[in-house]
**Q** 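Questions regarding the structure given below will be posed in turn.
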Amino acid sequence: MKKVYSSKGGDQAGYPLRDGIGCYTVVEDDEFETCLAQGKIYEKDGFYYSDLERLCDQTAPEAAPANAEKPGMFDDPGNKIKSIVKALFIIGCVLSVVGGIVAGIAGSAAYMFYGGQASFNFISFVLSTAVGIFGTYIGCLIIAAIGDIAVNIRELNRKTK
């Protein structure tokens, strides 16, 4: 958390605290970095100042400047992991059904090899598909839990700064 002083002096509604330097407000680190990058805050003599009457005005959010950094590949990995897991689950279920069909055909071929009549082996299909979907679900659940842990750790880190 950082102190940001009013550069206008005097008592201001957006800067409710006062010390020997002037009126100030306390800003969270994430918000501070954003405001500093947007030019709302500047540094002078080792202190941070703002020309705005209300630094933390949530009623009228400003559009991001054109030169603002775009999110990188590793920004917010928890939510990215969780969104990728949804696609992995769908792909895994489709592959499980395809694998079940192959197992049903292979089961009928094995049955025919030992003298039986060639027909689709439904039990091999159902068991292979069920096991594949269940395994996909468990694997994706574990990966999604890791993504959820990353999201929670990021939030805790943000709140404790």
Side-chain angles (χ1 to χ4, degrees), residues 1-103 125-161:
M1 296 182 59
K2 307 266 190 215
K3 288 183 181 180
V4 177
Y5 292 92
S6 170
S7 63
K8 297 185 178 184
D11 292 332
Q12 297 210 5
Y15 302 87
L17 306 171
R18 183 180 257 302
D19 64 8
I21 298 170
C23 296
Y24 69 94
T25 186
V26 178
V27 180
E28 295 286 333
D29 288 337
D30 291 342
E31 185 180 2
F32 175 82
E33 294 298 327
T34 302
C35 290
L36 191 63
Q38 293 175 351
K40 293 180 180 179
I41 298 174
Y42 61 91
E43 182 181 3
K44 180 180 173 187
D45 300 327
F47 297 102
Y48 298 102
Y49 294 93
S50 177
D51 294 331
L52 303 175
E53 288 184 24
R54 286 186 170 268
L55 182 64
C56 305
D57 188 9
Q58 299 296 328
T59 57
E62 294 183 14
N67 62 352
E69 290 185 30
K70 294 184 175 154
M73 180 175 166
F74 298 109
D75 291 341
D76 199 15
N79 285 327
K80 288 182 182 173
I81 289 172
K82 289 168 66 175
S83 64
I84 290 171
V85 165
K86 292 175 188 174
L88 287 177
F89 179 72
I90 292 170
I91 292 169
C93 287
V94 169
L95 290 177
S96 295
V97 171
V98 170
I101 292 170
V102 169
F125 167 74
V126 171
L127 287 176
S128 297
T129 302
V131 168
I133 290 175
F134 181 71
T136 300
Y137 175 74
I138 296 298
C140 288
L141 192 65
I142 291 169
I143 296 170
I146 292 169
D148 202 29
I149 289 169
V151 168
N152 291 338
I153 287 175
R154 184 180 180 110
E155 185 67 22
L156 282 172
N157 190 21
R158 186 186 67 77
K159 287 183 178 181
T160 57
K161 282 187 177 182

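Since the model is a prediction, treat every value here as computed from it, not as a measurement.
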**Q** So, does Ser128 use its side chain to make a donor-acceptor pair with the main chain of Phe125 at under 3.5 Å?
**A**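 Between the backbone of Phe125 and the side chain of Ser128 there is no qualifying donor-acceptor contact (under 3.5 Å).
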**Q** For Thr129 versus Gly100, what's the shortest heavy-atom pair and its separation?
**A**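 Scanning both residues, the minimum pair turns out to be OG1-CA, 3.5 Å.
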**Q** Do you know the tightest heavy-atom contact between Ser50 and Val4?
**A**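 Scanning both residues completely, I find the closest heavy atoms to be CB-CG1, 3.9 Å.
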**Q** Distance from Glu31 atom CD to Lys40 atom NZ, nearest 0.5 Å?
**A**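 The CD atom of Glu31 sits 8.0 Å away from the NZ atom of Lys40.
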**Q** Closest heavy-atom contact between Ile133 and Ser96?
**A**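 Smallest heavy-atom distance, with atoms named: N-OG, 3.4 Å.
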**Q** What distance do Glu155 atom CD and Thr160 atom OG1 have between them, rounded to the nearest 0.5 Å?
**A**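 Answer for the CD-OG1 pair, Glu155 versus Thr160, is 10.0 Å.
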**Q** Can you tell me how far apart CD1 (Ile149) and CG (Leu156) are? Round to the nearest 0.5 Å.
**A**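 Between Ile149 CD1 and Leu156 CG, I get 11.5 Å after rounding to 0.5 Å.
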**Q** Write out all pairs satisfying salt bridge (charged side-chain N to carboxylate O under 4.0 Å, His left out) with one or both partners inside residues 127-139, taking only residues at least two apart or from two chains.
**A**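 Matches after skipping sequence neighbours: none remain.
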**Q** Looking only at heavy atoms, which two atoms of Lys3 and Tyr48 are closest? And how far apart?
**A**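 Smallest interatomic distance, heavy atoms only, reads O-CB, 3.7 Å.
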**Q** Once you round to the nearest 0.5 Å, how far does CG of Leu141 lie from CD1 of Ile146?
**A**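 One finds 10.5 Å between CG of Leu141 and CD1 of Ile146.
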**Q** CD1/Ile90 to OG1/Thr136 distance, rounded to the nearest 0.5 angstrom?
**A**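 These two atoms lie 11.5 Å from each other.
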